Amino acid sequence: MSELVVTDLVAGYGDAKVLHGLSLTVGPGEICAILGPNGAGKTTLLRALSGMVRGRGSVRLGGTELTGRSPDAIARRGVAHVPEGRGTFMPLTVEENLRLGAYVRRGRTGVEADLDRIYTYFPALKPRLRQAAGSLSGGEQQMLAIGRALMLRPRLLLLDEPSLGLAPLVTRELFRIVRAINEQERTTVVVVEQNAHLALGIAQQAHVLETGRIVLSGTAERIRADEQVAQSYLGYRV
Amino acid sequence: MAGFLQQVVEGLGAGAIYAGLALALVLIYQFTGIVNFAQGELAMFSTYLAWQLTAAGLPFWLALVVTLVVSFAGGMLIERVIIRPVEGAPELTVVIVTVGLFIFVNAAAGWIWSFTIKDFPNPFPEGAFRAGGVSVGYSTLGILGVVAVVMGLLYLLFQHTKIGLGMRAVASSPQSARLVGIRVGWTLALGWGLAATVGAVSGVLVAPLLFLDPNLMGGVLIYAFAAATLGGFDSPLGAVVGGLVVGVAETLAGAYVGFIGSDLKIGVPLVIILGVLLLRPQGLFGRAVVERV
Ligand SMILES: Nc1ncnc2c1ncn2[C@@H]1O[C@H](COP(=O)(O)OP(=O)(O)O)[C@@H](O)[C@H]1O
Ligand SMILES: [Mg+2]
(Lines give C-alpha, C1' and ligand atoms only; values in the text may rest on other atoms or scores of the structure.)
(Ligands and ions follow the chains in the order given, each with its own letter.)
Protein backbone atom coordinates (compact mmCIF):
# COMPACT_ATOMS: atom_id res chain seq x y z
CA MET A 1 0.00 0.00 0.00
CA SER A 2 1.14 3.53 -0.67
CA GLU A 3 2.36 5.65 2.20
CA LEU A 4 1.23 8.97 0.72
CA VAL A 5 -1.88 9.17 -1.42
CA VAL A 6 -2.84 12.55 -2.90
CA THR A 7 -6.15 12.64 -4.77
CA ASP A 8 -7.60 15.55 -6.75
CA LEU A 9 -5.76 18.12 -4.70
CA VAL A 10 -6.85 21.69 -5.39
CA ALA A 11 -5.00 24.46 -3.57
CA GLY A 12 -3.99 28.08 -3.94
CA TYR A 13 -3.90 31.46 -2.31
CA GLY A 14 -7.23 33.13 -1.72
CA ASP A 15 -9.16 33.00 -4.98
CA ALA A 16 -6.12 32.21 -7.08
CA LYS A 17 -5.96 28.46 -7.64
CA VAL A 18 -2.46 27.13 -8.18
CA LEU A 19 -2.97 23.35 -8.10
CA HIS A 20 -5.79 22.11 -10.31
CA GLY A 21 -6.73 18.66 -9.12
CA LEU A 22 -3.44 16.89 -8.65
CA SER A 23 -3.09 13.18 -7.86
CA LEU A 24 -0.02 11.12 -7.01
CA THR A 25 1.11 8.32 -4.73
CA VAL A 26 4.41 7.63 -3.02
CA GLY A 27 5.31 4.21 -1.68
CA PRO A 28 6.73 3.71 1.83
CA GLY A 29 10.43 4.46 2.00
CA GLU A 30 10.46 5.87 -1.53
CA ILE A 31 11.98 9.10 -2.73
CA CYS A 32 9.68 11.02 -5.05
CA ALA A 33 11.03 13.95 -7.07
CA ILE A 34 8.78 16.82 -8.13
CA LEU A 35 10.24 18.67 -11.09
CA GLY A 36 9.09 21.54 -13.22
CA PRO A 37 9.72 25.16 -14.11
CA ASN A 38 9.51 28.13 -11.80
CA GLY A 39 5.97 29.00 -10.81
CA ALA A 40 4.62 25.54 -11.65
CA GLY A 41 3.26 25.09 -8.13
CA LYS A 42 5.88 22.78 -6.61
CA THR A 43 6.24 24.84 -3.43
CA THR A 44 2.48 25.16 -3.19
CA LEU A 45 2.15 21.38 -3.40
CA LEU A 46 4.49 20.89 -0.43
CA ARG A 47 2.66 23.63 1.46
CA ALA A 48 -0.64 21.88 0.85
CA LEU A 49 0.84 18.60 2.10
CA SER A 50 2.04 20.19 5.36
CA GLY A 51 -1.12 22.27 5.89
CA MET A 52 0.48 25.68 5.30
CA VAL A 53 -2.05 26.33 2.56
CA ARG A 54 -5.54 24.93 2.69
CA GLY A 55 -6.45 22.44 0.01
CA ARG A 56 -9.48 20.55 -1.20
CA GLY A 57 -9.37 16.95 -2.25
CA SER A 58 -7.58 14.36 -0.21
CA VAL A 59 -4.12 13.88 1.25
CA ARG A 60 -3.69 10.60 3.11
CA LEU A 61 -0.58 9.58 5.01
CA GLY A 62 -0.49 5.95 6.10
CA GLY A 63 -4.27 5.88 5.78
CA THR A 64 -4.89 9.02 7.87
CA GLU A 65 -6.60 11.98 6.18
CA LEU A 66 -4.52 15.16 6.55
CA THR A 67 -6.60 17.62 4.53
CA GLY A 68 -8.11 20.35 6.65
CA ARG A 69 -5.75 19.84 9.58
CA SER A 70 -3.51 22.63 10.87
CA PRO A 71 0.25 22.55 10.20
CA ASP A 72 1.03 21.76 13.83
CA ALA A 73 -1.41 18.84 13.82
CA ILE A 74 0.13 17.53 10.60
CA ALA A 75 3.63 17.87 12.08
CA ARG A 76 2.45 15.83 15.04
CA ARG A 77 1.45 13.10 12.60
CA GLY A 78 5.00 12.88 11.38
CA VAL A 79 5.28 15.25 8.43
CA ALA A 80 8.49 17.30 8.49
CA HIS A 81 8.59 20.14 5.96
CA VAL A 82 11.87 21.86 5.15
CA PRO A 83 10.41 24.95 3.51
CA GLU A 84 11.67 27.15 0.74
CA GLY A 85 14.16 29.48 2.41
CA ARG A 86 14.92 26.77 5.00
CA GLY A 87 12.86 28.22 7.88
CA THR A 88 15.84 28.64 10.19
CA PHE A 89 15.24 30.19 13.61
CA MET A 90 18.05 32.70 13.06
CA PRO A 91 18.62 34.14 16.55
CA LEU A 92 18.41 30.73 18.22
CA THR A 93 21.42 28.48 18.56
CA VAL A 94 22.06 25.52 16.27
CA GLU A 95 21.25 23.11 19.08
CA GLU A 96 18.01 24.94 19.90
CA ASN A 97 16.99 24.73 16.25
CA LEU A 98 17.56 20.99 16.33
CA ARG A 99 15.70 20.53 19.60
CA LEU A 100 12.75 22.45 18.18
CA GLY A 101 12.54 19.79 15.51
CA ALA A 102 11.69 17.32 18.27
CA TYR A 103 9.21 19.72 19.89
CA VAL A 104 6.14 17.55 19.44
CA ARG A 105 7.80 14.31 20.47
CA ARG A 106 6.71 13.11 23.88
CA GLY A 107 9.32 12.72 26.58
CA ARG A 108 13.04 13.26 26.31
CA THR A 109 13.94 9.67 25.52
CA GLY A 110 15.72 9.39 22.24
CA VAL A 111 16.17 13.11 21.72
CA GLU A 112 19.78 13.12 22.92
CA ALA A 113 20.57 10.02 20.89
CA ASP A 114 18.93 11.60 17.84
CA LEU A 115 21.05 14.74 18.25
CA ASP A 116 24.13 12.51 18.07
CA ARG A 117 22.70 10.81 15.00
CA ILE A 118 22.25 14.19 13.31
CA TYR A 119 25.90 15.02 14.01
CA THR A 120 26.99 11.83 12.30
CA TYR A 121 25.06 12.86 9.19
CA PHE A 122 26.19 16.48 9.45
CA PRO A 123 29.52 16.63 11.33
CA ALA A 124 29.92 20.29 10.34
CA LEU A 125 27.11 21.23 12.75
CA LYS A 126 28.72 19.75 15.84
CA PRO A 127 31.36 22.45 16.52
CA ARG A 128 28.69 25.13 15.98
CA LEU A 129 26.09 23.95 18.49
CA ARG A 130 26.15 27.09 20.63
CA GLN A 131 26.38 29.48 17.69
CA ALA A 132 23.38 31.48 16.46
CA ALA A 133 21.91 29.63 13.50
CA GLY A 134 21.87 32.88 11.55
CA SER A 135 25.67 32.87 11.51
CA LEU A 136 25.88 29.63 9.54
CA SER A 137 26.69 29.52 5.83
CA GLY A 138 23.93 28.68 3.36
CA GLY A 139 25.01 25.06 3.07
CA GLU A 140 25.23 24.65 6.83
CA GLN A 141 21.79 26.20 7.24
CA GLN A 142 20.36 23.71 4.77
CA MET A 143 21.98 20.89 6.72
CA LEU A 144 20.54 22.34 9.91
CA ALA A 145 17.09 22.51 8.33
CA ILE A 146 17.23 18.87 7.29
CA GLY A 147 18.64 17.92 10.69
CA ARG A 148 15.80 19.79 12.38
CA ALA A 149 13.29 17.90 10.24
CA LEU A 150 14.91 14.57 11.12
CA MET A 151 14.56 15.32 14.83
CA LEU A 152 10.84 14.74 14.40
CA ARG A 153 11.59 11.17 13.29
CA PRO A 154 9.29 11.90 10.37
CA ARG A 155 7.22 9.41 8.43
CA LEU A 156 7.31 11.83 5.55
CA LEU A 157 10.07 14.33 4.79
CA LEU A 158 9.28 17.24 2.45
CA LEU A 159 12.27 19.07 0.96
CA ASP A 160 11.78 22.27 -1.03
CA GLU A 161 14.72 23.01 -3.34
CA PRO A 162 17.51 21.99 -0.99
CA SER A 163 20.08 23.02 -3.60
CA LEU A 164 18.92 26.62 -3.88
CA GLY A 165 21.82 29.03 -3.50
CA LEU A 166 24.40 26.35 -2.75
CA ALA A 167 27.65 25.55 -4.50
CA PRO A 168 27.51 22.41 -6.71
CA LEU A 169 29.90 20.50 -4.47
CA VAL A 170 27.83 21.26 -1.37
CA THR A 171 24.65 20.31 -3.21
CA ARG A 172 26.00 16.93 -4.29
CA GLU A 173 27.08 16.19 -0.72
CA LEU A 174 23.63 17.18 0.53
CA PHE A 175 21.85 14.87 -1.88
CA ARG A 176 24.18 12.03 -0.95
CA ILE A 177 23.17 12.55 2.70
CA VAL A 178 19.47 12.68 1.85
CA ARG A 179 19.88 9.37 0.10
CA ALA A 180 21.72 7.92 3.12
CA ILE A 181 19.00 9.15 5.46
CA ASN A 182 16.32 7.62 3.27
CA GLU A 183 18.14 4.29 3.21
CA GLN A 184 18.96 4.14 6.90
CA GLU A 185 15.75 5.52 8.38
CA ARG A 186 13.35 4.27 5.70
CA THR A 187 11.86 7.77 5.66
CA THR A 188 9.56 8.53 2.74
CA VAL A 189 10.78 11.68 0.96
CA VAL A 190 9.18 14.13 -1.44
CA VAL A 191 11.83 16.41 -2.88
CA VAL A 192 11.14 19.46 -5.04
CA GLU A 193 14.11 20.43 -7.16
CA GLN A 194 15.06 22.69 -10.04
CA ASN A 195 18.18 20.65 -10.53
CA ALA A 196 16.46 17.71 -12.20
CA HIS A 197 19.65 15.76 -12.76
CA LEU A 198 20.45 15.60 -9.05
CA ALA A 199 16.91 14.84 -7.95
CA LEU A 200 16.48 12.06 -10.51
CA GLY A 201 19.77 10.61 -9.28
CA ILE A 202 18.33 9.75 -5.89
CA ALA A 203 14.60 9.32 -6.62
CA GLN A 204 12.67 6.22 -7.60
CA GLN A 205 9.62 8.08 -8.93
CA ALA A 206 9.31 11.51 -10.48
CA HIS A 207 6.50 13.83 -11.55
CA VAL A 208 6.82 16.85 -13.76
CA LEU A 209 4.56 19.74 -12.85
CA GLU A 210 3.45 22.54 -15.14
CA THR A 211 1.02 25.30 -14.19
CA GLY A 212 -0.46 23.26 -11.38
CA ARG A 213 -0.91 20.00 -13.28
CA ILE A 214 1.16 16.85 -13.51
CA VAL A 215 2.17 16.59 -17.14
CA LEU A 216 4.40 13.57 -16.81
CA SER A 217 4.97 10.78 -14.30
CA GLY A 218 7.20 7.78 -14.24
CA THR A 219 10.20 6.09 -12.74
CA ALA A 220 13.18 8.36 -12.33
CA GLU A 221 15.15 6.19 -14.72
CA ARG A 222 12.58 6.46 -17.47
CA ILE A 223 12.27 10.19 -17.17
CA ARG A 224 16.00 10.59 -17.12
CA ALA A 225 16.38 8.41 -20.17
CA ASP A 226 13.75 10.17 -22.22
CA GLU A 227 15.69 12.74 -24.16
CA GLN A 228 12.67 14.53 -25.52
CA VAL A 229 11.22 14.88 -22.03
CA ALA A 230 14.51 16.16 -20.79
CA GLN A 231 14.54 18.84 -23.42
CA SER A 232 10.97 19.99 -23.33
CA TYR A 233 10.32 19.88 -19.59
CA LEU A 234 13.59 19.89 -17.78
CA GLY A 235 15.57 22.19 -19.99
CA TYR A 236 18.74 20.17 -20.33
CA ARG A 237 20.24 17.52 -22.59
CA VAL A 238 21.19 14.20 -21.10
CA MET B 1 28.40 63.23 46.28
CA ALA B 2 26.06 61.58 48.78
CA GLY B 3 23.29 63.78 47.48
CA PHE B 4 23.97 62.63 43.95
CA LEU B 5 24.04 58.97 44.98
CA GLN B 6 20.80 59.49 46.83
CA GLN B 7 19.20 60.73 43.62
CA VAL B 8 20.55 57.74 41.72
CA VAL B 9 19.03 55.39 44.30
CA GLU B 10 15.66 57.12 44.05
CA GLY B 11 15.93 56.92 40.28
CA LEU B 12 16.63 53.21 40.37
CA GLY B 13 13.55 52.67 42.54
CA ALA B 14 11.35 54.54 40.09
CA GLY B 15 13.12 52.91 37.18
CA ALA B 16 12.41 49.40 38.47
CA ILE B 17 8.69 50.14 38.21
CA TYR B 18 9.03 51.42 34.65
CA ALA B 19 11.10 48.34 33.92
CA GLY B 20 8.27 46.11 35.10
CA LEU B 21 5.69 47.62 32.77
CA ALA B 22 8.23 47.89 29.94
CA LEU B 23 8.90 44.17 30.36
CA ALA B 24 5.19 43.51 29.90
CA LEU B 25 5.14 45.62 26.71
CA VAL B 26 8.17 43.81 25.34
CA LEU B 27 6.75 40.37 26.10
CA ILE B 28 3.82 41.02 23.80
CA TYR B 29 5.75 42.91 21.15
CA GLN B 30 8.30 40.10 20.82
CA PHE B 31 5.69 37.54 19.85
CA THR B 32 3.18 39.57 17.96
CA GLY B 33 4.79 42.81 16.88
CA ILE B 34 1.91 44.50 18.68
CA VAL B 35 2.48 47.50 20.93
CA ASN B 36 -0.20 47.03 23.54
CA PHE B 37 -1.34 50.51 24.53
CA ALA B 38 -3.72 48.95 27.08
CA GLN B 39 -0.89 47.30 29.04
CA GLY B 40 -0.90 49.95 31.75
CA GLU B 41 -4.68 49.84 32.11
CA LEU B 42 -4.65 46.07 32.43
CA ALA B 43 -2.05 46.47 35.19
CA MET B 44 -4.27 49.06 36.87
CA PHE B 45 -7.25 46.71 36.71
CA SER B 46 -5.18 43.92 38.25
CA THR B 47 -4.10 46.29 40.99
CA TYR B 48 -7.73 47.05 41.81
CA LEU B 49 -8.36 43.35 42.00
CA ALA B 50 -5.54 42.98 44.53
CA TRP B 51 -6.95 45.95 46.47
CA GLN B 52 -10.43 44.42 46.47
CA LEU B 53 -9.10 41.12 47.76
CA THR B 54 -7.13 42.73 50.60
CA ALA B 55 -10.14 44.94 51.41
CA ALA B 56 -12.15 41.72 51.67
CA GLY B 57 -9.69 40.54 54.30
CA LEU B 58 -7.26 38.37 52.39
CA PRO B 59 -3.62 38.60 53.54
CA PHE B 60 -1.60 40.72 51.08
CA TRP B 61 0.60 37.97 49.67
CA LEU B 62 -2.32 35.61 49.12
CA ALA B 63 -4.24 38.42 47.43
CA LEU B 64 -1.21 38.98 45.23
CA VAL B 65 -0.99 35.34 44.17
CA VAL B 66 -4.70 35.24 43.32
CA THR B 67 -4.35 38.51 41.39
CA LEU B 68 -1.42 37.20 39.36
CA VAL B 69 -3.25 34.00 38.47
CA VAL B 70 -6.40 35.88 37.46
CA SER B 71 -4.32 38.39 35.46
CA PHE B 72 -2.61 35.57 33.60
CA ALA B 73 -5.93 33.99 32.67
CA GLY B 74 -7.35 37.41 31.78
CA GLY B 75 -4.40 38.21 29.50
CA MET B 76 -4.82 34.92 27.67
CA LEU B 77 -8.55 35.46 27.34
CA ILE B 78 -8.08 38.94 25.89
CA GLU B 79 -5.71 37.58 23.27
CA ARG B 80 -8.10 34.78 22.31
CA VAL B 81 -11.23 36.92 22.20
CA ILE B 82 -10.17 40.45 21.25
CA ILE B 83 -6.77 40.26 19.56
CA ARG B 84 -7.14 36.99 17.65
CA PRO B 85 -9.78 38.34 15.26
CA VAL B 86 -7.47 41.19 14.17
CA GLU B 87 -4.32 39.05 13.97
CA GLY B 88 -2.61 39.82 10.69
CA ALA B 89 -4.73 42.93 10.15
CA PRO B 90 -2.95 46.20 9.26
CA GLU B 91 -0.94 47.66 12.13
CA LEU B 92 -3.28 50.61 12.54
CA THR B 93 -6.25 48.31 13.11
CA VAL B 94 -4.43 46.50 15.89
CA VAL B 95 -3.30 49.78 17.44
CA ILE B 96 -6.88 51.03 17.45
CA VAL B 97 -8.06 47.81 19.09
CA THR B 98 -5.53 48.16 21.92
CA VAL B 99 -6.38 51.84 22.34
CA GLY B 100 -10.05 50.86 22.51
CA LEU B 101 -9.15 48.28 25.13
CA PHE B 102 -7.33 51.04 27.03
CA ILE B 103 -10.46 53.21 27.13
CA PHE B 104 -12.75 50.32 27.94
CA VAL B 105 -10.68 48.97 30.84
CA ASN B 106 -10.23 52.47 32.25
CA ALA B 107 -13.95 53.14 32.15
CA ALA B 108 -14.77 49.71 33.54
CA ALA B 109 -12.48 50.26 36.54
CA GLY B 110 -14.10 53.66 37.15
CA TRP B 111 -17.54 52.13 36.92
CA ILE B 112 -16.75 49.25 39.27
CA TRP B 113 -14.57 51.02 41.83
CA SER B 114 -15.40 54.73 41.19
CA PHE B 115 -12.83 57.39 40.42
CA THR B 116 -12.19 58.32 44.04
CA ILE B 117 -8.66 57.47 45.13
CA LYS B 118 -7.94 54.52 47.39
CA ASP B 119 -5.10 53.72 49.75
CA PHE B 120 -3.14 50.69 48.64
CA PRO B 121 -1.29 48.71 51.33
CA ASN B 122 2.50 48.79 51.12
CA PRO B 123 3.86 45.26 51.30
CA PHE B 124 7.31 46.45 52.37
CA PRO B 125 8.27 47.72 55.83
CA GLU B 126 8.66 51.44 56.56
CA GLY B 127 12.10 52.85 57.06
CA ALA B 128 15.36 52.76 55.25
CA PHE B 129 18.73 51.17 55.14
CA ARG B 130 21.51 53.74 55.61
CA ALA B 131 25.05 53.54 54.34
CA GLY B 132 27.56 56.35 53.94
CA GLY B 133 25.06 59.18 53.97
CA VAL B 134 22.77 57.49 51.47
CA SER B 135 19.48 56.04 52.64
CA VAL B 136 17.78 53.34 50.66
CA GLY B 137 14.15 52.85 51.52
CA TYR B 138 13.11 49.27 52.22
CA SER B 139 10.39 49.78 49.75
CA THR B 140 12.91 50.80 47.07
CA LEU B 141 14.95 47.71 47.89
CA GLY B 142 11.79 45.62 47.76
CA ILE B 143 10.80 46.95 44.36
CA LEU B 144 14.27 46.35 42.93
CA GLY B 145 14.25 42.86 44.43
CA VAL B 146 10.85 42.00 42.98
CA VAL B 147 11.80 43.18 39.50
CA ALA B 148 15.05 41.19 39.73
CA VAL B 149 13.08 38.08 40.69
CA VAL B 150 10.60 38.58 37.83
CA MET B 151 13.50 39.02 35.42
CA GLY B 152 15.16 35.87 36.79
CA LEU B 153 11.99 33.81 36.45
CA LEU B 154 11.46 34.97 32.88
CA TYR B 155 15.06 34.10 32.09
CA LEU B 156 14.57 30.58 33.47
CA LEU B 157 11.33 30.21 31.52
CA PHE B 158 12.80 31.33 28.20
CA GLN B 159 16.24 29.72 28.43
CA HIS B 160 15.61 26.54 30.37
CA THR B 161 12.13 25.24 29.59
CA LYS B 162 10.64 23.65 26.53
CA ILE B 163 7.69 26.04 26.52
CA GLY B 164 10.12 28.95 26.69
CA LEU B 165 12.06 27.58 23.73
CA GLY B 166 8.79 27.27 21.83
CA MET B 167 7.94 30.88 22.68
CA ARG B 168 11.29 32.10 21.39
CA ALA B 169 10.77 30.05 18.24
CA VAL B 170 7.43 31.76 17.66
CA ALA B 171 9.01 35.16 18.26
CA SER B 172 11.68 34.32 15.69
CA SER B 173 9.45 32.84 12.98
CA PRO B 174 5.78 31.91 13.45
CA GLN B 175 5.71 30.03 10.13
CA SER B 176 8.64 27.80 10.99
CA ALA B 177 7.29 27.33 14.51
CA ARG B 178 4.07 25.97 13.00
CA LEU B 179 6.03 23.55 10.85
CA VAL B 180 7.77 22.01 13.87
CA GLY B 181 4.37 21.50 15.45
CA ILE B 182 4.13 24.42 17.89
CA ARG B 183 0.59 25.69 18.50
CA VAL B 184 1.35 29.29 17.62
CA GLY B 185 -2.06 30.67 18.62
CA TRP B 186 -1.74 29.33 22.14
CA THR B 187 1.82 30.58 22.38
CA LEU B 188 0.66 34.10 21.55
CA ALA B 189 -2.04 33.81 24.21
CA LEU B 190 0.59 32.62 26.65
CA GLY B 191 2.63 35.72 25.84
CA TRP B 192 -0.37 37.95 26.62
CA GLY B 193 -0.97 36.05 29.86
CA LEU B 194 2.64 36.47 30.93
CA ALA B 195 2.58 40.15 30.01
CA ALA B 196 -0.60 40.74 32.02
CA THR B 197 1.01 39.00 35.00
CA VAL B 198 4.21 41.00 34.83
CA GLY B 199 2.15 44.17 34.34
CA ALA B 200 0.11 43.30 37.43
CA VAL B 201 3.32 43.10 39.44
CA SER B 202 4.31 46.59 38.30
CA GLY B 203 0.85 47.95 39.19
CA VAL B 204 0.98 46.46 42.67
CA LEU B 205 4.47 47.91 43.15
CA VAL B 206 3.55 51.42 42.06
CA ALA B 207 0.17 51.68 43.80
CA PRO B 208 1.50 52.17 47.36
CA LEU B 209 3.72 55.05 46.15
CA LEU B 210 0.92 56.90 44.38
CA PHE B 211 -2.72 56.44 45.23
CA LEU B 212 -4.89 53.88 43.54
CA ASP B 213 -7.25 55.41 41.00
CA PRO B 214 -8.18 54.42 37.45
CA ASN B 215 -5.47 56.68 36.02
CA LEU B 216 -2.76 55.04 38.10
CA MET B 217 -0.71 53.77 35.17
CA GLY B 218 -1.17 56.54 32.62
CA GLY B 219 2.08 58.29 33.52
CA VAL B 220 3.96 55.06 34.13
CA LEU B 221 3.05 53.88 30.62
CA ILE B 222 4.90 56.78 29.03
CA TYR B 223 8.03 55.98 31.02
CA ALA B 224 7.62 52.32 30.14
CA PHE B 225 7.44 53.25 26.46
CA ALA B 226 10.64 55.23 26.85
CA ALA B 227 12.27 52.29 28.64
CA ALA B 228 11.24 49.76 25.99
CA THR B 229 12.28 52.10 23.18
CA LEU B 230 15.65 52.70 24.79
CA GLY B 231 16.31 49.04 25.56
CA GLY B 232 14.85 47.75 22.32
CA PHE B 233 11.26 46.61 21.95
CA ASP B 234 12.32 43.02 21.33
CA SER B 235 14.66 42.64 24.29
CA PRO B 236 13.42 41.82 27.81
CA LEU B 237 16.85 42.58 29.25
CA GLY B 238 16.82 45.86 27.34
CA ALA B 239 13.45 46.74 28.87
CA VAL B 240 14.84 46.36 32.37
CA VAL B 241 18.07 48.24 31.69
CA GLY B 242 16.07 50.88 29.82
CA GLY B 243 13.67 51.24 32.74
CA LEU B 244 16.48 51.78 35.22
CA VAL B 245 18.24 54.29 32.96
CA VAL B 246 15.01 56.23 32.36
CA GLY B 247 14.27 56.27 36.09
CA VAL B 248 17.73 57.60 36.96
CA ALA B 249 17.74 60.10 34.08
CA GLU B 250 14.36 61.44 35.10
CA THR B 251 15.32 61.81 38.76
CA LEU B 252 18.66 63.44 38.01
CA ALA B 253 17.13 65.82 35.50
CA GLY B 254 14.48 66.80 38.04
CA ALA B 255 17.09 67.42 40.70
CA TYR B 256 19.91 69.06 38.76
CA VAL B 257 18.54 70.68 35.64
CA GLY B 258 17.17 73.94 36.96
CA PHE B 259 14.20 74.58 34.70
CA ILE B 260 12.90 70.99 34.72
CA GLY B 261 11.98 70.52 38.37
CA SER B 262 9.20 68.09 39.13
CA ASP B 263 6.65 69.57 36.73
CA LEU B 264 8.59 69.08 33.51
CA LYS B 265 9.98 65.65 34.40
CA ILE B 266 7.42 64.01 32.13
CA GLY B 267 9.36 65.58 29.25
CA VAL B 268 12.34 63.34 29.98
CA PRO B 269 10.85 60.10 28.62
CA LEU B 270 9.63 61.95 25.54
CA VAL B 271 13.10 63.31 24.87
CA ILE B 272 14.53 59.80 25.34
CA ILE B 273 12.00 58.28 22.94
CA LEU B 274 12.75 60.90 20.31
CA GLY B 275 16.50 60.64 20.75
CA VAL B 276 16.53 56.85 20.47
CA LEU B 277 14.26 56.82 17.42
CA LEU B 278 16.55 59.29 15.71
CA LEU B 279 19.91 57.79 16.66
CA ARG B 280 19.36 54.06 17.15
CA PRO B 281 15.80 53.02 16.31
CA GLN B 282 16.30 49.39 17.37
CA GLY B 283 17.32 50.48 20.89
CA LEU B 284 20.39 49.50 22.88
CA PHE B 285 19.75 45.74 22.98
CA GLY B 286 17.33 45.33 20.09
CA ARG B 287 18.00 43.57 16.84
CA ALA B 288 18.01 45.81 13.83
CA VAL B 289 15.35 44.68 11.40
CA VAL B 290 17.02 43.40 8.29
CA GLU B 291 14.79 42.21 5.51
CA ARG B 292 16.26 39.10 3.92
CA VAL B 293 15.27 38.36 0.38
N1 LIG C 1 2.18 33.37 -0.94
C2 LIG C 1 1.62 33.44 -2.18
N3 LIG C 1 0.53 34.21 -2.40
C4 LIG C 1 -0.02 34.28 -3.63
N5 LIG C 1 0.44 33.63 -4.71
C6 LIG C 1 1.50 32.84 -4.57
C7 LIG C 1 2.16 32.70 -3.29
N8 LIG C 1 3.20 31.87 -3.44
C9 LIG C 1 3.20 31.49 -4.74
N10 LIG C 1 2.19 32.07 -5.41
C11 LIG C 1 1.87 31.86 -6.85
O12 LIG C 1 1.57 30.51 -7.04
C13 LIG C 1 2.14 30.03 -8.24
C14 LIG C 1 3.01 28.82 -7.96
O15 LIG C 1 4.08 29.20 -7.12
P16 LIG C 1 5.04 28.16 -6.42
O17 LIG C 1 4.23 27.10 -5.80
O18 LIG C 1 5.94 28.93 -5.52
O19 LIG C 1 5.84 27.59 -7.66
P20 LIG C 1 7.24 26.84 -7.72
O21 LIG C 1 7.63 26.45 -6.33
O22 LIG C 1 6.98 25.68 -8.62
O23 LIG C 1 8.20 27.79 -8.32
C24 LIG C 1 2.91 31.19 -8.84
O25 LIG C 1 2.12 31.75 -9.85
C26 LIG C 1 3.08 32.16 -7.70
O27 LIG C 1 3.04 33.48 -8.18
MG1 LIG D 1 9.31 26.98 -5.20
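This one's a predicted model, so the numbers in the text were calculated from it and none came from an experiment. Residue numbers start from 1 in every chain, and the chains themselves are labelled A, B, ... in the order their sequence lines are given, proteins ahead of strands.
Only the side chain of A:Met52 comes within contact range of chain B, with at least one heavy atom under 4.5 Å from a heavy atom of that chain. Residue A:Arg148 touches chain B through its side chain alone, counting heavy-atom pairs closer than 4.5 Å. Both the backbone and the side chain of A:Leu100 have a heavy atom closer than 4.5 Å to some heavy atom of chain B. In this structure, no portion of A:Arg47 lies under 4.5 Å from any heavy atom of chain B. In this structure, the portion of A:Ala102 lying under 4.5 Å from any heavy atom of chain B is its backbone and not its side chain.
In plain terms, the two heavy atoms of A:Leu92 and B:Ser172 that are nearest each other are CD1-CB, 4.4 Å. Of all the heavy atoms in B:Leu179 and A:His81, the pair that sits closest is CD1-O, 3.8 Å. For A:Arg105 against B:Lys162, the heavy-atom pair with the smallest separation is O-NZ, 3.5 Å.
Between the CE atom of A:Met90 and the OG atom of B:Ser173 there is a distance of 9.0 Å, given to the nearest 0.5 Å.
Atom CD1 of B:Ile163 has 12 or fewer neighbouring heavy atoms from other residues, nucleotides or ligands inside a 6.0 Å radius. The local environment of OH in B:Tyr29 is sparse, with at most 12 non-hydrogen atoms from other residues, nucleotides or ligands closer than 6.0 Å. The neighbour count for A:Arg56 CZ, taken as heavy atoms of other residues, nucleotides or ligands under 6.0 Å away, does not exceed 12.
Between A:Arg76 and B:Arg183 there is a side-chain heavy-atom pair separated by less than 4.5 Å.
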